[in-house]
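No experiment lies behind these values; they were computed from the predicted model shown.
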Amino acid sequence: MKLYIIAGEASGDLHASNLVKQIRLINPQVQFRGFGGDLMQNQGVHLTKHYSETAFMGFFEVLTHLNKIMGFIELCKKDIISWKPDALILVDYPGFNLRIAEFAKNMGLKVFYYISPQVWAWKASRVNKIKKYVDRMFVILPFEKSFYGKWGHEVEFVGHPLLDALSGFESNKNQGAKDDEQIVALLPGSRRQEIKKVLPVMTSVIKDFPGYRFIVAGVGSVEKQVYQSIIQKSRCEIIFNDTYSLLATAMAAIVTSGTATLETALFNVPEVVCYKANPVSVFLARKMVSIKYISLVNLIADKEVVKELIQHQANYENIKFELKRLLEDNNYRNRILSDYEMLKNKLGGMGASQKTAAAILEMLQN
């Protein structure tokens, strides 16, 4: 059996790699090919393109790279035609993946979608496209099943795969933290554009917290010099591809919106969320998006669990103020930690990748 799988960023790479692992545990003979990252490659997926080349953040950035993106879509289509897979597995990454879903369905391929696009936030009309071109959607957020139900579309809630990823994690404590040392984690995202936007303001507060050790969670798909050019002489360190070990030792975190906000919460690390992007992208997003929050933590909880600093609000003074609260106000910290427990209960049980793998293989055998 041959399965073509597509993920377009770091979180997709993580979840796709775990799904591939679970499929192979059930059927070791399955072959994989597609677009993704190092974690997928480590599970034996033959990569046509690495997500470091295909990930673009924001409306403006997508528009300015449109020719390149369309080229990647055409490359993907040709690769699918050439390789002749039995089915297609799509992981989030909607702008790219929904185009490929239509193409693959018209070819007569089975199409599975793992981790729904955020159609509940914007472009709800995409549900019609999903109903038409996707054979089975596997959702990971508890409110998504009822959302799709309102559109007359049955989807399968499998729980959040981060619960599995974290359950198998064992910290090697390679940060070398001493018992009396207090670490602040900086998680600036996985794309060059967002790192260049948000990391400078994250590091601007370091001088105000002399008793703490600041460590940036770097990703291997972004060159070390990108981080170093921003950090320069600030009292800050970088670790690469070991975010979970960092979070396991951190007292607080400054995090760019995305999957990392939920990962940080699942490690019980109080956080402040910062988001900065191209002003045109943010303007357009605010006109089109119909949600109250940008972080997964607050979205799932349906209330403000952690503070969100967006665009001009993500500045030196505000980050300094919020970080001081996270580090020194025990009542504030305890309130966040209590809300984290409620959040975990909402996420469902473990086994998302295993459930999805079993369902996909069962559908392909029928």
Pair E322-E317, side-chain contact (heavy atoms from CB on, under 4.5 Å): steps then yes or no: CA-CA 9 Å; E322 292 300 331; E317 289 294 343; over 6 Å; no
For L347 and L163: C-alpha separation, side-chain torsions, deciding distance, then whether side-chain contact (heavy atoms from CB on, under 4.5 Å) applies. CA-CA 8 Å; L347 287 175; L163 297 173; 4.0 Å; yes
Evaluate S245 against D242 for side-chain hydrogen bond (donor to acceptor under 3.5 Å, both in side chains), listing each step before the verdict. CA-CA 6 Å; S245 289; D242 204 5; 2.9 Å; yes
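Shown here are the salt bridge (Lys or Arg N to Asp or Glu O under 4.0 Å) partners of K224, two or more places apart in sequence or in another chain: there are none. Under the rule for a salt bridge (Lys or Arg N to Asp or Glu O under 4.0 Å), the partners of K77 that lie at least two apart in sequence or sit in another chain are E74.
Between F209 and Y212, the ring planes lie perpendicular to each other; the angle is over 60°, past the 30° to 60° tilted range. A tilted orientation is assigned to the rings of F35 and Y4, their planes being inclined by 30° to 60°.
Seen from the ring of Y332, R325 counts as a face-on cation partner, given the 6.0 Å and 45° thresholds.
Side-chain N/O atoms of S167 and D164 include no donor and acceptor closer than 3.5 Å. In summary, the side chains of Q22 and S353 do not present any donor paired with an acceptor at a separation below 3.5 Å, with no hydrogens or angles considered. No side-chain donor-acceptor contact under 3.5 Å links Y148 and E156. With no hydrogens or angles considered, a side-chain donor-acceptor pair links Y316 and D208 at under 3.5 Å. Counting only N and O atoms by type, the side chains of K320 and N315 include no donor and acceptor under 3.5 Å apart. Side-chain atoms of H15 and D92 include no donor-acceptor pair closer than 3.5 Å.
Closest approach of M40 and A7 over heavy atoms only: SD-CB, 3.9 Å. Shown here for L343 and A265, the closest heavy-atom pair between the two residues is CD2-CB, 3.9 Å. Considering all non-hydrogen atoms of both residues, L199 and I231 come closest at CD2-CG1, 4.5 Å.
Proximity of a side-chain donor or acceptor of R333 to a complementary backbone N or O of L326 within less than 3.5 Å is detected. For the pair K131 (side chain) and W151 (backbone), a donor-acceptor distance under 3.5 Å is present. Listed for the E308 side chain is a donor-acceptor partner under 3.5 Å among the backbone atoms of I294. Checking side-chain atoms of T356 against main-chain N and O of A352 turns up a donor-acceptor pair under 3.5 Å. Side-chain N or O atoms of R192 include none that pairs as donor or acceptor with a backbone N or O of E223 at under 3.5 Å. A donor-acceptor pair is defined here as one N or O able to donate and one able to accept, closer than 3.5 Å; such a pair exists between the side chain of N298 and the backbone of V305. Within the 3.5 Å criterion, the main-chain N or O of R99 finds no donor-acceptor partner in the side chain of E102. A donor-acceptor contact shorter than 3.5 Å links the side chain of R24 to the backbone of V30.
A distance below 6.0 Å separates the ring centres of F267 and Y244.
Note that the CD atom of Q193 and the NZ atom of K276 stand 15.5 Å from one another [nearest 0.5 Å].
Taking a cutoff of 4.0 Å between a charged side-chain nitrogen and a carboxylate oxygen, R335 and D339 qualify as a salt bridge.
With R136 as reference, F112 is the one residue of Y114, F112, Y113 to meet the side-chain contact (heavy atoms from CB on, under 4.5 Å) rule.
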